[in-house]
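Note that the numbering runs from 1 along the sequence shown for the chain. Start at 1 and go down the list; that is how both ligands and their atoms are numbered.
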Amino acid sequence: MTAKANLDIHAIPEEGTTSSHLPSGRWPHHDMLDLDNCRRPDIEVVLTLADRMREILDRRIPRVPALRGYTIVNLFYEPSTRTRVSFELAGKVLGADIISVSTNTSSVVKGESLIDTVRTLRAMRSDAVVMRHPMAGAPYLAAQHTDASIINAGDGAHAHPTQALLDLYTMHRSIGDIAGKKIVMVGDIAHSRVARSDLWGLTTMGAHVVVCGPPTLLALGMRVSDRPSHAENALPPVTIETNIDQAIEDADVVMALRLQSERQEGGLLPSLHEYATHYQVTAERLARAKPDHLLMHPGPKNEGIEIAADVAGGSHSIIEDQVTNGVAVRMALLYLLSGRIEPEEVTELST
Ligand code: ASP
């Protein structure tokens with residue numbers, strides 16, 4: 001059976017035919033916690049499958065039964081618009097049952113209560129839990145205590161792998177292979193889980209990554225390309241540039257990142273005005289990038305601070321494509337994690 005056939009509206013998977021005899025072609029991940037353990041072929045499978053999902057999403061009636069009978073719980077301990085809604089839509093397009101639980105009770109988030117929650121959700125036969133949590137590592141803890149698939153939808157300042165996958169997919173759709181392309185991330189790198197996951201994904205795919213921001217907002221533990229480090233969990237090597245004009249020079253892609261004030265301690269910036277003066281992505285600054293550069297932002301944007309309104313809505317901006325592609329990528333990921341994809345399909349997708 002091909003991936004296309006399995007996703008076709010007439011090809012409802014029969015019960016009992018979905019997973020358990022999966023030999024070598026199997027996509028190797030049961031959870032999606034970050035991209036640090038994803039190899040290039042794993043990511044390529046997601047990107048190729050996302051193309052097929054995008055085609056389904058663009059149909060007049062975007063519904064297929066590929067995940068019928070599959071139950072997903074969105075468990076969000078932090079605010080979210082794009083990520084939560086796009087997982088909901090992704091699940092619905094594929095025919096899954098998807099339930100969203102929102103909680104703002106972040107002060108009660110301790111080991112046991114989180115473990116109890118995911119165990120309870122599994123006892124109700126949830127197949128996957130999409131989890132956003134203010135504490136780095138919380139989804140890893142959850143994954144140790146349930147056999148439902150855990151998808152990290154953002155854990156503190158640590159990781160946001162599905163944002164990184166949608167960023168990779170959006171670049172891939174617009175410029176093809178990103179190997180050797182200059183991708184510049186500008187802003188609050190230190191507190192950005194998007195930046196961390198993007199670093200893994202982009203470097204795995206061979207991009208030349210430049211991070212730019214004021215020294216107080218560049219991540220601790222960041223490695224510079226010509227100084228190898230053997231530290232465990234070290235981020236992949238990148239170029240660090242504190243001068244935005246130099247960073248943007250000849251860039252293929254510029255990604256602006258929001259100031260994560262909810263995670264910053266005081267004193268990191270003299271003022272917002274000062275920050276905007278030195279680090280806002282503007283048309284004048286983008287004139288240094290390649291003529292056909294792309295402008296991205298994971299959202300939510302603070303126009304007038306990290307990004308100027310005219311460029312955010314301008315002809316180089318693919319920010320809305322990122323949002324649409326987020327649904328397609330999450331469809332691909334849910335389908336892969338469900339185990340309903342046949343090994344031959346994975347092999348086909350990876351060639
Ligand atoms: N939406 C992204 C996140 O959850 C980026 C941001 O909030 O600035 O990390």
**Student:** Examine Tyr140 together with His158 and report whether their ring centres are nearer than 6.0 Å.
**Tutor:**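 Centroid separation for Tyr140 and His158: below 6.0 Å.
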
**Student:** Just to be sure I understand the cut-off, which residues have at least one non-hydrogen atom under 4.0 angstrom from an atom of ligand 1?
**Tutor:**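 Within 4.0 Å of ligand 1, the protein residues are Arg132, His160, Arg193, Val194, Arg258, Gln260, Gly299, Pro300.
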
**Student:** Is any side-chain heavy atom of Val253 closer than 4.5 Å to a side-chain heavy atom of Ile175?
**Tutor:** yes

**Student:** Could you list the donor-acceptor pairs under 3.5 angstrom formed between side-chain atoms of residues 319-334 and any protein atom two or more places apart in sequence or on another chain?
**Tutor:**
unit_1, atom_1, unit_2, atom_2, d
Gln322, OE1, His297, N, 2.9
Gln322, NE2, Asp167, OD1, 2.8
Gln322, NE2, His297, O, 3.4
Thr324, OG1, Glu320, O, 3.3
Asn325, OD1, Arg54, NH1, 2.7
Asn325, ND2, Thr170, OG1, 3.0
Asn325, ND2, Asp321, O, 3.1
Arg330, NE, Thr162, OG1, 3.2
Arg330, NH1, Ser86, OG, 2.6
Arg330, NH2, Thr162, OG1, 3.0

**Student:** Are side-chain N/O atoms of His160 and Arg132 paired as donor and acceptor at under 3.5 Å?
**Tutor:** yes

**Student:** Out of curiosity, Asp31 CG to Gln144 CD, how far, rounded to the nearest 0.5 Å?
**Tutor:** 10.0 Å

**Student:** Would you call Tyr77 and Leu114 a side-chain contact if the rule is heavy atoms closer than 4.5 Å?
**Tutor:** yes

